[in-house]
Structures are given as structure tokens and as C-alpha cells.
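Position 1 is the first residue of the sequence, and the numbers go up from there.
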Amino acid sequence: MSVVDVSRPVVPPVQAPPAQRGVVAIGVAVAVVVGFAVNNAAGWKLTVLYAIGLALGLVLFHSRFGFTSAWRQLVTVGQGRAIRAHMLMLGVACLLFSVLLGSGASLSGTPEGTVAPAGLGVVLGAFLFGVGMQVGGSCASGTLFAVGSGQTAILFTLGGFIAGSVASAFAADWFKLLQNTGPSVSLADTPFGHAGALVISLLVIGAIAGASVLIERRRTPPPIEQPPTERGVLRALRGSWPLWVGALLLAGLNALTLFVSGHAWGITSAFGLWGAKILGWVGIDISGTPFWSVPENAAKLSASVLTDRISVMDFGIMIGALIAAALAGAFTLHRRIPWKLAVGAVLGGVVMGIGARLAGGCNIGAYFSGVASFSLHGWLWGAMALIGTFAGVALRPLFGLTNPKPSDSVC
């Protein structure tokens, strides 16, 4: 999976600290209570999706599966190991999605892949998202599992994410106009169907993985830092897991989400709903904005968040990450946060919130699920987010954030 320069020996991971049993107990209790609440509000299907969210939180934390750091490592020092894990995840997801979409297998009617226009909305939105995730320190999925694991600074990123999503509701008509400037292209819309789309996708994935190997050989980057881990069979429970394990499990859980709900995994649309709900609780009504005036969206705003598919899964991810972090002895609340970092987190979150709504999704809903659904806009999103990463990396020092350097022992 990776090319390691012999002059840069990999530092072995240290032993994981003892599990924080009290925090584990609290996390499990919260998980059970929320599970019963979801079941009471929305029934068994959303309860299953909530359980999938819990599993996603466990996988994301134990494998430390990040998108932000992967793109930053590639851009700054040419480290492509995490990018290849992304490609493994996408390849397996494409295979599983081709079966589900091709056969129409789902517990919720005919499954619908995430296919959207490859227009200016994606170009501009994904670029902004790429900038924001580097300044804010996390992507959409990373924000949720970092918040759940106690990284208090990421609460600022989440707050900015919600604020940016709320602001986007006022410009929804303009966003939609930009999104519709390009065609919706599915690689499955050929005489070869989903089988042909799978072959094309795997060829692109293989080319990207191969390019990352060539970049590594030319730049000899430092290895990726290994988080504390458990030994033996307890590693399955307390982590950390290899990136390839995280890749396989995330692909499988996204496919399971498609099978249960009829839709692929998404994250950020819930942030706008949460923000609108919070404003409503303090007496500020934004139901008349262009976005919330749409009947389908208005129905979500008037209903409980526990009946919203994406919100329920997001709650599961945060709680699952909390349990995973406590099992690994890594749950820590950061009390002192430098003001520059806090400002960067908020600004990065705002930019990501706007970028996600402009692009019609984030690194999960647009990129991961879009590529897995054979939508051209998914690949366009990834390319533009990578370009945005260059700009975001250049801005990071302004907010007291560091970037990997070739001379580092790990990155």
C-alpha cells in the first residue's frame, strides 16, 4: 500500500492508555437512550440507520480515517498512503453500489445513487470546501468524529459549519442556478450499464493510486504518524486499525446505508436543519428563506430532527466516536484553545458550510457517495477540493496551524 524510504524508519506506535470506563458507560447509555428515542419517533428503519451511524463513528475514530489530512499530506510532502486508502474505499464502494443499483435491491424501494449536475456549483463549492477544511482543521466526517472524541476545538468548526449552512439558505436560488449550469452525467448511462461504469471507475481509481506511488518515489515523504494502539485481539475493540481496514468498512457501511434507506451516505444537509431549529428556538424564524420555502424542506423543518435520516446518522457518528475514543483511552476535552486556532476553525467551518451547499454535498455526500454512484460530479468535486487544498494549506500558518515538512520524522 505504501512506499517507505529506508532512511525514514517508521516509528512504532505506543501502547494505548487504559480505557476510560466511566466515559464508555456514559457513551453507551447515551447511545441506548438516543436509539430508543429514534425508534419511538421514526421507527425501526431509522433506528437501523442510527446504528450504522454508531458503527461509522467507531470506524472513523479507530482507523483515524481522514480526508483533510490525506490531501494535505499529498500536497505538502507527497505522502500518498492515505490517498491510496481513499481509492481502496472508493473501489470497493463502486463494486457494492454497482450490485445494489444494478439489481434495484433496497429495503426502501428502488435505490437512488447520488447523481448531480457537474456544474459551476460543484467547481466553486468544492474549491471553497477544500480551502475551508484545511483552515478549519477537519472535513465533514472528520468534524463529527473529532467532536465525539472530545476535540473541543472542532466544536468551533462545527459551529461555523452550521452558520455557513444557515446562511446558504438565503442564497439557495442562486446556488441552484449555479449547480444547474452543467449536465448530470452517470457513467452507468452507457450500453454497458453499471458493469461498464464499474470498469471505468476502477481504471480511474487505479490511475490515481499509481500516480500517488510515483509521487512518493520522487519525493520520499516522511511516514504517517501511528496513533497509540492496543496489541492482540483487543486491537479490534480499542484500535488503532490500519487504514485499509477503515477503507473496507466505510465502503461496506455506505453500501449498507444505500440498501436500508435507498439513498447513499450524506452528512452536511443536517447542519442547516440544526441551525434553523436553533434559530427557531430563540425566536428567529427563517422558514421564509428560499431554501426552507420548498415544501419538502419545510416539512423537515417542522418535524423532529429524530425523523431526519441524515441527522440521525450524524448523531450516531458522534456518539460512536465518543465510545471508541473512551475505549482507546483517548477521550480528552481541550480547555485552552489558542484564539488564532479558534478563529480559523470558525472561518473554515463557515466556508465549508457554504461550499457544501453550493456543491450539493461534502467529502461524503458529493465525493464519496457521488463517485460510488458513478456520477461525474463526484470526481469533479474531488479534483476541485484538491485544488482548494493548495490554497488552504497556504493559509494555515495565519491561524497558527502547521503543515508537514519533508524533514519531519512523521507527518
Side-chain angles (χ1 to χ4, degrees), residues 53-54 56-72 82 86 125-126 128-168 246 250 253-254 265-275 278 305 308 310-325 330-334 337 341-359 361-369 381 385 388-389 392 396 399 401:
L54 289 172
L56 285 167
L58 288 166
V59 173
L60 286 166
F61 180 83
H62 278 320
S63 62
R64 306 303 200 275
F65 202 97
F67 292 78
T68 304
S69 59
W71 277 317
R72 183 165 64 245
H86 288 187
L128 288 175
F129 197 97
V131 174
M133 69 180 178
Q134 296 302 332
V135 173
S138 188
C139 58
S141 54
T143 295
L144 292 180
F145 91 74
V147 167
S149 61
Q151 297 184 36
T152 319
I154 302 298
L155 283 172
F156 289 95
T157 306
L158 179 59
F161 229 137
I162 293 172
S165 299
V166 169
S168 299
L250 290 175
L253 289 169
N254 197 349
W265 182 21
I267 287 180
T268 53
S269 67
F271 297 163
L273 176 62
W274 299 353
I278 292 170
V305 292
D308 178 59
I310 295 179
S311 292
V312 164
M313 293 190 69
D314 286 356
F315 295 150
I317 292 171
M318 288 187 284
I319 298 170
L322 186 155
I323 296 171
F331 183 86
T332 304
L333 295 176
H334 301 150
I337 302 169
L341 190 149
V343 170
V346 172
L347 291 178
V350 170
V351 171
M352 282 192 289
I354 294 172
R357 299 281 53 82
L358 181 56
C362 61
N363 58 296
I364 298 299
Y367 175 55
F368 181 12
S369 293
W381 195 102
T389 294
R396 280 171 61 85
F399 302 97
L401 299 167

**Asked** Who are the ring-ring contact (aromatic ring centres under 6.0 Å, His included) partners of F61, not counting sequence neighbours?
**Response** none
For a quick test of reading the model, state the closest non-hydrogen atom pair linking [X] to [Y] and the distance between them.
X    : Y    : value
G164 : I354 : O-CG1, 3.6 Å
A70  : A82  : CB-CB, 3.5 Å
I310 : A270 : CG2-CB, 3.8 Å
A325 : S149 : CB-CB, 3.6 Å
L144 : M318 : O-CG, 3.4 Å
C362 : A140 : SG-CB, 3.5 Å

To the nearest 0.5 Å, tell me how far [X] [atom1] sits from [Y] [atom2].
X    : Y    : atom1 : atom2 : value
L60  : L253 : CG    : CG    : 9.0 Å
I162 : T157 : CD1   : OG1   : 11.0 Å
Q151 : L158 : CD    : CG    : 13.0 Å
I317 : L56  : CD1   : CG    : 5.0 Å
L58  : L322 : CG    : CG    : 10.5 Å

Is any side-chain heavy atom of [X] less than 4.5 Å from a side-chain heavy atom of [Y]?
X    : Y    : answer
N363 : M133 : no
L358 : F129 : no
L401 : Q134 : no
F368 : I267 : no
S369 : N254 : yes

**Prompt:** What about W274 and F161, are their ring centers closer than 6.0 Å?
**Reply:** no
**Request:** Would you please indicate if the ring centroids of F67 and W381 are separated by under 6.0 Å?
**Result:** no
**Asked** Please walk me through it: do F399 and V135 pass side chain to side chain contact (heavy atoms under 4.5 Å, CB included)?
**Response** CA-CA 8 Å; F399 302 97; V135 173; 3.7 Å; yes
**Item:** Residues T268 and R357: side-chain donor-acceptor under 3.5 angstrom
**Value:** yes
**Whether T152 side chain and L333 backbone form a donor-acceptor pair below 3.5 Å** = no
**Prompt:** What do the steps show when you test L341 against F156 for side chain to side chain contact (heavy atoms under 4.5 Å, CB included), and what is the final call?
**Reply:** CA-CA 9 Å; L341 190 149; F156 289 95; over 6 Å; no
